[in-house]
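Chain letters run A, B, ... following the sequence lines, proteins first, then strands; residues in each count from 1. The model shown is predicted, which means the values in this text are computed figures rather than measured ones.
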2 protein chains.
Amino acid sequence: MEELAFAIGKNIREKRRANGLPQDRFALVAGIDRSYMGRIERGEVSITVEKLYRIAAALQCEPVALLPKISSIHLQPPHKANKSSLKKRQ
Amino acid sequence: MEELAFAIGKNIREKRRANGLPQDRFALVAGIDRSYMGRIERGEVSITVEKLYRIAAALQCEPVALLPKISSIHLQPPHKANKSSLKKRQ
DNA sequence: TCAAGCCACGGCTTATAATCCGTATTTTAA
DNA sequence: TTAAAATACGGATTATAAGCCGTGGCTTGA
């Protein structure tokens, strides 16, 4: 149900297949664990920007080519709802 | 020295200031810890794509507006150099 | 002056990203 | 069909992203 991760994973898979690379070899090129790469493509995990850049590099594209428009994503509130720690300014 | 993180942090700070928001209030809007937001802007930490989207949303811009061109970044090899686990196909 | 706003920075903890290795299942080509 | 390639998926561990709370330093306006 991770909308963002799912959209990214779908884009990665499409481009990878367009490049004719199997998942495990692609993971190797990107310098990412093969099992983790599977999870990324399935949208099961939330990746770092650094991983995004590795993957884009392996696909020879810009990171933005893998990212959905922000308007298409509704991100759910943080797990630890961050409670102010900011003085009210009446 | 994290080139990517530093570039992103710089972009975020610029846009935040352009919006006239102090760091702590901005962190609040983005739903991110104030102290962590400071580290992000200083380029001390590697963030997830999900955080990138939160920040972009708070800045009312697309994530790509915060990301440097891939050609301007040389990413260093993974810490755990991922050793094949892939059969040779001689 | 000093109070308040803004930011840097620290130590510590908690959540989770990422790895490693194995095996089951599906897909594809001969 | 069936063997091999490609992928799914699992458990367990390690690395690190992210949160929490405090403090200190700097700048500016009252």
Side-chain angles (χ1 to χ4, degrees), chain A residues 1-2 4-6 8-10 12-55 58 66 75-90, chain B residues 1-2 4-6 8-10 12-55 58 66 75-90:
Chain A
M1 261 292 124
E2 310 297 347
L4 177 57
F6 190 81
I8 292 174
K10 189 177 160 201
I12 292 172
R13 175 161 294 183
E14 276 175 8
K15 290 207 186 299
R16 171 182 64 79
R17 291 205 161 134
N19 283 24
L21 273 169
Q23 205 179 66
D24 56 355
R25 286 190 66 82
F26 174 60
L28 199 64
V29 172
I32 294 174
D33 180 68
R34 72 171 163 80
S35 157
Y36 195 58
M37 185 63 81
R39 287 172 209 186
I40 292 173
E41 288 193 356
R42 273 172 264 134
E44 292 175 6
V45 292
S46 165
I47 65 175
T48 59
V49 173
E50 189 252 340
K51 288 279 170 293
L52 177 72
Y53 271 68
R54 295 203 112 80
I55 290 170
L66 305 172
L75 25 113
Q76 62 273 50
H79 272 183
K80 288 285 169 77
N82 96 6
K83 50 219 44 173
S84 184
S85 78
L86 196 52
K87 303 297 178 301
K88 295 229 169 56
R89 51 179 61 182
Q90 68 286 4
Chain B
M1 260 294 122
E2 311 296 347
L4 177 57
F6 190 81
I8 292 174
K10 190 179 161 201
I12 292 173
R13 175 161 294 183
E14 276 175 6
K15 290 208 186 297
R16 171 180 65 80
R17 292 205 159 132
N19 284 23
L21 273 171
Q23 204 178 65
D24 56 355
R25 285 190 66 82
F26 173 60
L28 199 63
V29 173
I32 295 175
D33 180 69
R34 71 172 164 81
S35 158
Y36 194 58
M37 185 63 81
R39 287 173 210 183
I40 292 173
E41 287 193 358
R42 273 171 263 134
E44 291 175 8
V45 292
S46 166
I47 64 174
T48 58
V49 173
E50 190 252 341
K51 288 280 170 293
L52 177 72
Y53 270 68
R54 295 204 115 79
I55 292 170
L66 305 172
L75 26 110
Q76 62 273 47
H79 273 181
K80 288 287 170 73
N82 90 6
K83 49 218 46 170
S84 186
S85 77
L86 195 53
K87 302 297 178 302
K88 296 230 169 53
R89 50 178 62 177
Q90 57 277 15

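- A heavy-atom distance below 4.5 Å is found between the side chains of B:Leu66 and B:Leu52.
- If one axis is set at each end of the helix from C:dT1-D:dA30 to C:dA30-D:dT1 from five pairs, those axes are 50° apart, to 10°.
- Counting to the nearest Å, the C1' atom of D:dC9 and the CG atom of A:Asp24 are 15 Å from each other.
- Taking 4.5 Å as the limit, some side-chain heavy atom of B:Phe26 sits within range of a side-chain heavy atom of B:Ile12.
- Rounded to an integer number of Å, the gap from CG of A:Leu52 to P of C:dA17 is 15 Å.
- Comparing B:Thr48 and B:Arg42 against DNA chain C, the residue whose closest nucleotide sits nearer the 5' end is B:Arg42.
- Taking atom CZ of B:Arg25 as the reference point, atom P of C:dC6 lies 9 Å away to the nearest angstrom.
- Between A:Tyr36 atom OH and C:dT16 atom C1' there is a gap of 9 Å when expressed in whole angstrom units.
- Counting only heavy atoms from C-beta outward, the side chains of B:Ile55 and B:Ile8 never approach each other to under 4.5 Å.
- Residues A:Arg16 and B:Ile40 each lie close to DNA chain D; by heavy-atom proximity, the contact nearer the 5' end of the strand is made by A:Arg16.
- In this structure, the side chains of B:Leu28 and B:Asp24 stay at 4.5 Å or more apart for every pair of heavy atoms.
- When the P atom of D:dA18 is taken as reference, atom CD1 of B:Ile47 falls 7 Å away, rounded to whole Å.
- Residues B:Ser46 and A:Thr48 approach most closely at OG-CB, 4.1 Å, considering heavy atoms.
- When side chains are defined from C-beta on, A:Arg16 does not count as touching A:Met37, because their heavy atoms never get closer than 4.5 Å.
- Here CZ of A:Phe6 is found 11.5 Å from CZ of A:Arg42. Values are rounded to the nearest 0.5 Å.
- Rounded to whole angstrom, the span from the CG atom of A:Asp33 across to the C1' atom of D:dA15 amounts to 13 Å.
- Rounded to the nearest 0.5 angstrom, B:Arg34 CZ and B:Arg39 CZ are separated by 10.0 Å.
- Comparing C:dT19, C:dC6, C:dC9 by their nearest atom to the side chain of B:Glu44 picks out C:dC9.
- Taking side-chain N and O atoms only, A:Arg17 has no distance below 4.0 Å to OP1 or OP2 of C:dT27.
- Put simply, the side chain of A:Lys51 does not reach to within 4.5 Å of the side chain of B:Val49, judged on heavy atoms.
- For A:Arg13, the side-chain atoms get nearest to D:dA8 when compared with the rest of C:dC20, D:dA8, C:dC7.
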Report all interatomic pairs (protein N or O, nucleotide N or O of nucleotides 10-13 of chain D) with separations under 3.5 Å.
| residue | atom | partner | partner atom | Å |
| --- | --- | --- | --- | --- |
| D:dG10 | O6 | A:Ser35 | OG | 2.9 |
| D:dG10 | O6 | A:Arg39 | NH2 | 3.1 |
| D:dG11 | O6 | A:Arg39 | NH2 | 2.8 |

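- Separating the CD atom of A:Gln23 from the P atom of D:dC9 is a distance of 11 Å, rounded to the nearest angstrom.
- A:Ile32 places its CD1 atom 17 Å from the P atom of C:dC21, with the value rounded to the nearest Å.
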